[in-house]
Amino acid sequence: MASSKEYLDFILEQLSELDDVSYRAMMGEYIIYYSGKIVGGIYDDRFLVKPTKSAAAMMPNADMELPYNGAKKMLFVDNVDNREFLKELLDAMYPELPAAKK
(Lines give C-alpha, C1' and ligand atoms only; values in the text may rest on other atoms or scores of the structure.)
Protein backbone atom coordinates (compact mmCIF):
# COMPACT_ATOMS: atom_id res chain seq x y z
CA MET A 1 0.00 0.00 0.00
CA ALA A 2 1.41 3.39 -0.97
CA SER A 3 1.34 6.41 1.32
CA SER A 4 -1.02 9.26 0.59
CA LYS A 5 0.11 12.73 -0.43
CA GLU A 6 -2.27 14.04 2.26
CA TYR A 7 -0.35 12.22 5.02
CA LEU A 8 2.95 13.48 3.61
CA ASP A 9 1.57 17.04 3.64
CA PHE A 10 0.40 16.58 7.24
CA ILE A 11 3.84 15.39 8.40
CA LEU A 12 5.61 18.18 6.51
CA GLU A 13 3.31 20.71 8.17
CA GLN A 14 4.08 19.17 11.57
CA LEU A 15 7.82 19.52 10.80
CA SER A 16 7.48 23.08 9.50
CA GLU A 17 9.22 24.60 12.55
CA LEU A 18 12.44 22.97 11.38
CA ASP A 19 14.57 24.51 8.67
CA ASP A 20 15.60 22.45 5.67
CA VAL A 21 13.15 19.54 5.81
CA SER A 22 12.61 17.94 2.42
CA TYR A 23 11.39 14.70 0.94
CA ARG A 24 11.82 12.46 -2.05
CA ALA A 25 9.19 10.15 -3.47
CA MET A 26 10.35 6.55 -3.75
CA MET A 27 8.12 3.75 -5.05
CA GLY A 28 4.91 5.17 -3.58
CA GLU A 29 6.53 6.11 -0.28
CA TYR A 30 8.48 9.17 0.89
CA ILE A 31 11.99 9.53 2.29
CA ILE A 32 12.27 12.44 4.77
CA TYR A 33 15.48 14.50 4.93
CA TYR A 34 16.59 16.99 7.57
CA SER A 35 19.45 19.26 6.53
CA GLY A 36 20.49 16.75 3.89
CA LYS A 37 20.45 13.67 6.13
CA ILE A 38 17.85 10.90 5.95
CA VAL A 39 15.91 10.82 9.23
CA GLY A 40 13.26 8.36 8.16
CA GLY A 41 10.26 8.21 5.93
CA ILE A 42 6.58 7.76 5.42
CA TYR A 43 5.63 4.17 4.70
CA ASP A 44 2.00 3.01 4.45
CA ASP A 45 0.94 6.32 6.05
CA ARG A 46 3.22 5.73 9.05
CA PHE A 47 6.04 8.10 10.05
CA LEU A 48 9.08 5.93 10.80
CA VAL A 49 12.50 7.20 11.87
CA LYS A 50 15.93 5.65 12.06
CA PRO A 51 16.54 3.94 15.41
CA THR A 52 19.24 6.26 16.74
CA LYS A 53 20.12 6.22 20.45
CA SER A 54 18.44 9.57 21.01
CA ALA A 55 15.26 8.56 19.16
CA ALA A 56 15.04 5.34 21.19
CA ALA A 57 15.58 7.32 24.41
CA MET A 58 12.86 9.81 23.50
CA MET A 59 10.42 7.06 22.51
CA PRO A 60 11.24 4.14 24.85
CA ASN A 61 7.94 2.39 24.15
CA ALA A 62 7.94 2.90 20.38
CA ASP A 63 7.32 -0.12 18.20
CA MET A 64 10.03 -1.23 15.79
CA GLU A 65 8.37 -1.72 12.42
CA LEU A 66 9.45 -2.72 8.93
CA PRO A 67 8.99 0.07 6.41
CA TYR A 68 8.85 -2.56 3.63
CA ASN A 69 9.95 -6.16 3.11
CA GLY A 70 13.70 -6.58 3.20
CA ALA A 71 14.37 -3.29 5.04
CA LYS A 72 15.79 -2.73 8.50
CA LYS A 73 13.28 -2.02 11.24
CA MET A 74 12.62 1.60 12.14
CA LEU A 75 10.95 3.35 15.07
CA PHE A 76 7.26 4.14 14.66
CA VAL A 77 6.46 7.73 15.67
CA ASP A 78 2.97 7.75 17.13
CA ASN A 79 3.17 11.27 18.60
CA VAL A 80 2.89 13.05 15.24
CA ASP A 81 0.37 15.58 16.55
CA ASN A 82 2.99 17.19 18.82
CA ARG A 83 5.08 19.59 16.72
CA GLU A 84 7.45 20.47 19.57
CA PHE A 85 8.18 16.79 20.19
CA LEU A 86 8.89 16.20 16.49
CA LYS A 87 11.24 19.19 16.40
CA GLU A 88 13.11 17.94 19.48
CA LEU A 89 13.22 14.42 18.06
CA LEU A 90 14.79 15.39 14.74
CA ASP A 91 17.18 17.86 16.40
CA ALA A 92 18.32 15.14 18.81
CA MET A 93 18.73 12.56 16.03
CA TYR A 94 20.62 14.80 13.61
CA PRO A 95 24.16 14.47 15.09
CA GLU A 96 23.83 10.67 15.16
CA LEU A 97 22.83 10.32 11.51
CA PRO A 98 25.43 9.52 8.84
CA ALA A 99 26.52 12.34 6.58
CA ALA A 100 24.70 12.69 3.30
CA LYS A 101 26.25 10.75 0.44
CA LYS A 102 27.70 12.88 -2.33
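The structure displayed is predicted, hence computed values, not measured ones.
In this structure, OG in Ser22 is found 11.0 Å from CG in Leu15, a value given to the nearest 0.5 Å. Rounding to the nearest 0.5 Å gives a distance of 9.0 Å between CG of Leu97 and CD1 of Ile38. Taking CG of Leu48 as the start and CG of Leu66 as the end, the distance is 9.5 Å to the nearest 0.5 Å.
Judged as a salt bridge (charged side-chain N to carboxylate O under 4.0 Å, His left out), not a single pair has a partner in residues 32-43 (not counting sequence neighbours). Counting only residues at least two apart or in different chains, ring pair (Phe, Tyr, Trp, His ring centres under 6.0 Å) contacts with residues 14-37 comprise Tyr23-Tyr30, Tyr34-Tyr94. Residues in residues 49-67 take part in these side-chain hydrogen bond (donor to acceptor under 3.5 Å, both in side chains) pairs, two or more places apart or across chains: Arg46-Glu65, Thr52-Ser54, Ser54-Glu96.
Between Ser3 and Asp44, the shortest heavy-atom contact is OG-N, 2.9 Å.
With hydrophobic clusters built from ILVMFWY side chains whose heavy atoms lie under 4.5 angstrom apart, Tyr43 does not share a cluster with Val39. By the criterion of side-chain heavy atoms lying less than 4.5 angstrom apart, applied directly or through intervening Ile, Leu, Val, Met, Phe, Trp or Tyr residues, Ile11 is not grouped with Ile31; the two fall into different hydrophobic clusters. Hydrophobic clustering, with ILVMFWY side chains joined whenever heavy atoms are under 4.5 angstrom apart, groups Met64 together with Val49. Hydrophobic clustering keeps Tyr68 apart from Ile42 (ILVMFWY residues linked when any side-chain heavy atoms are closer than 4.5 Å, directly or through intermediates).
Counting heavy atoms from C-beta on, the side chains of Leu18 and Asp91 come closer than 4.5 Å. Side-chain atoms of Glu17 and Leu86, non-hydrogen and from C-beta on, never get closer than 4.5 Å to each other.
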Name each donor-acceptor pair under 3.5 Å that joins a side chain in residues 71-85 to protein atoms two or more places apart or in another chain, with its distance.
unit_1	atom_1	unit_2	atom_2	d
Asn82	OD1	Glu84	N	3.2
Asn82	OD1	Phe85	N	3.0
Arg83	NE	Gln14	OE1	3.2
Arg83	NH2	Glu13	OE2	2.9

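Every residue two or more places apart in sequence or in another chain was checked for a salt bridge (Lys or Arg N to Asp or Glu O under 4.0 Å) with Asp20, and none qualifies. In this structure Ser4 satisfies the side-chain hydrogen bond (donor to acceptor under 3.5 Å, both in side chains) test together with Asp45, sequence neighbours excluded.
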Practice task
Evaluate the criterion side-chain contact (heavy atoms from CB on, under 4.5 Å) for residue pair Ile32 and Arg24; output intermediate values, then yes/no.
Solution key: CA-CA 7 Å; Ile32 304 295; Arg24 186 172 68 164; over 6 Å; no
Handout entry: Criterion side-chain contact (heavy atoms from CB on, under 4.5 Å) on Asp9 and Glu6, from CA distance to verdict
Key = CA-CA 5 Å; Asp9 292 341; Glu6 291 78 20; 5.6 Å; no
